[in-house]
Amino acid sequence: MEPRHFRTLFISDVHLGSKAAKADFLLDFLRHHEADTIVLVGDIVDGWRLKRSWYWPQVCNDVVQKLLRKARKGTRVVYIPGNHDEFLRAFPGMHFGGIEVVERMMLDGADGKKYLILHGDEFDVVVRNARLLAYLGDWAYDTAIRINIILAAVRRRLGMPYWSFSAWAKLQVKHAVNFIGEFERVVAEEARKNGADGVICGHIHHAIIQDMDGIRYINTGDWVESCTAVAEHEDGTFELITWRSLASSVPALTAIEMRDEGELAPQAA
């Protein structure tokens, strides 16, 4: 299977260093996808969890080495730190092995539009103003992820496809749904304030492409629950990709295919 090539790939919320991170899925995805530019939209490394207990299996090294190898071969790799890897915010403008660290960036899209790219945690009131609550929420999320791991193992034994309990549970909670909607609105407004036509972010682990009052809002999702990335084609169209299997014979679902399976609301591409 020949790798697919894109103008830009956007990946966020991998959480390397967390036992919940699907680093093997991401490594497989990176083997099958190339781009002129790869933008890492925050929380690639989970510094919060690594501070609590060190967990760094070989596959985490493999992901880092894969990205470094792509940078050496000419891919521009840009790293925008999030709240879980905020230690990198002390190094704006620095290059590590060819990977450039920036706080945020403005992308000139192939469609002629400007896109503001940021992680998004600065618009999360809990993370910004109540760090203790953020850590408690992180603990609750860890619990849901542990349930995820058990369910995934059972479903795999039964020959059933991957399904995320934590993502399902999150969308059943009214406050969580309201938070997602408010986050999207505030981030889209930030793009408008900066003279951008759209915004590309991560943070809330909710992948979507949609138009919001004239602003294109794109969230890249995550590699803990949904294993999603966003790709910009040469003609300026954006595609939401979900990587579903390590087997290249069962590669990815596009946003349209996910919608048809009932996994996503209709999306604007």
Among residues at least two apart in sequence or on other chains, which ones pass salt bridge (Lys or Arg N to Asp or Glu O under 4.0 Å) with R7?
E232
Would you please name every residue forming a side-chain contact (heavy atoms from CB on, under 4.5 Å) with P57, sequence neighbours left out?
Y55, V59, C60
Please report the shortest heavy-atom distance between V63 and A23, naming the atom on each side.
CG2-O, 3.5 Å
Going from CD1 on I44 to OG on S12, what distance comes out if it is rounded to the nearest 0.5 angstrom?
6.5 Å
Compare every heavy atom of G221 with every heavy atom of D13, then report the nearest pair and how far apart it is.
OD2-O, 3.5 Å
Who passes salt bridge (Lys or Arg N to Asp or Glu O under 4.0 Å) against E189, sequence neighbours left out?
R192
When rounded to the nearest 0.5 angstrom, what distance separates CG in D43 from OG in S18?
11.0 Å
Looking at every non-hydrogen atom in both residues, tell me the closest pair between G97 and A71 and how far apart they are.
O-CB, 4.0 Å
So does K73 pair up with D36, basic N to acidic O under 4.0 Å?
no
According to side-chain hydrogen bond (donor to acceptor under 3.5 Å, both in side chains), who are the partners of D213, at least two apart in sequence or on a separate chain?
none
So, H15 versus H205: side-chain donor-acceptor pair below 3.5 Å or not?
yes
Between F238 and Y115, does the ring centre distance come in under 6.0 Å?
yes
Counting C-beta onward and ignoring hydrogens, is there a side-chain heavy-atom pair between E184 and H206 closer than 4.5 Å?
yes
Carefully, step by step, assess V187 and L118 under the rule side chain to side chain contact (heavy atoms under 4.5 Å, CB included).
CA-CA 9 Å; V187 173; L118 42 75; 4.3 Å; yes
Kindly state each residue pair satisfying salt bridge (charged side-chain N to carboxylate O under 4.0 Å, His left out) with at least one member in residues 61-70, sequence neighbours excluded.
E34-K70
Could you tell me whether the side chain of L88 reaches within less than 4.5 Å of the side chain of Y79, counting heavy atoms only?
yes
Sequence neighbours excluded, the answer for ring pair (Phe, Tyr, Trp, His ring centres under 6.0 Å) partners of F29 is H33, W223, W243
Do the side chains of P3 and H32 get nearer than 4.5 Å, heavy atoms only?
no
For R185, check salt bridge (Lys or Arg N to Asp or Glu O under 4.0 Å) against everything at least two apart and list the hits.
E182
Hey, does T75 have a side-chain heavy atom less than 4.5 Å from the side chain of T37?
no
Listed partners of V102 passing side-chain contact (heavy atoms from CB on, under 4.5 Å), at least two apart:
V78, I80, E100, M105
Excluding sequence neighbours, so at least two apart, what forms side-chain contact (heavy atoms from CB on, under 4.5 Å) with M94?
F91, F96
Do F123 and C201 have side chains that get closer than 4.5 Å, going by heavy atoms?
no
So, using side-chain contact (heavy atoms from CB on, under 4.5 Å) as the criterion, who are the partners of N194 when residues are at least two apart?
R104, M106, L116, E190
Step by step, would you call I200 with T220 a side chain to side chain contact (heavy atoms under 4.5 Å, CB included)?
CA-CA 7 Å; I200 301 170; T220 55; 4.1 Å; yes
When you compare the side chain of V199 with that of I218, does any pair of heavy atoms fall below 4.5 Å?
no
Please name all residues satisfying salt bridge (Lys or Arg N to Asp or Glu O under 4.0 Å) with R31, sequence neighbours left out, ordered by chain then number.
none
Check: V14 and D222 side chains under 4.5 Å, non-hydrogen atoms
no
Heavy-atom closest pair (P92 atom, R89 atom, distance to 0.1 Å) is CD-O, 3.3 Å
Report the relative orientation of the aromatic rings in F183 and H203; use parallel for angles under 30°, tilted for 30 to 60°, perpendicular for over 60°.
tilted
I215 with F10, same ILVMFWY side-chain cluster at under 4.5 Å
no
Do you see a donor-acceptor pair shorter than 3.5 Å between the side chains of H84 and D46?
yes
Is there a side chain to side chain contact (heavy atoms under 4.5 Å, CB included) between I11 and L30? Walk through the geometry before answering.
CA-CA 10 Å; I11 297 166; L30 291 171; 4.0 Å; yes
Rounding to 0.5 Å, atoms CD (E225) and OG1 (T228) come to a distance of 9.5 Å
For a side chain to side chain contact (heavy atoms under 4.5 Å, CB included) check, start with the C-alpha distance between N219 and I204, then their side-chain angles and the critical distance, and finish with the verdict.
CA-CA 8 Å; N219 194 296; I204 60 172; 3.5 Å; yes
For atom CD of E234, is the number of surrounding heavy atoms from other residues, nucleotides or ligands below 6.0 Å larger than 12?
yes
Listed partners of H233 passing ring pair (Phe, Tyr, Trp, His ring centres under 6.0 Å), at least two apart
F6
Compare all side-chain heavy atoms of V101 with those of P81 and state whether any distance is below 4.5 angstrom.
yes
When rounded to the nearest 0.5 angstrom, what is the spacing between CG in L67 and CD1 in I99?
5.5 Å
Regarding D108 and K114, does a basic nitrogen lie under 4.0 Å from an acidic carboxylate oxygen?
yes
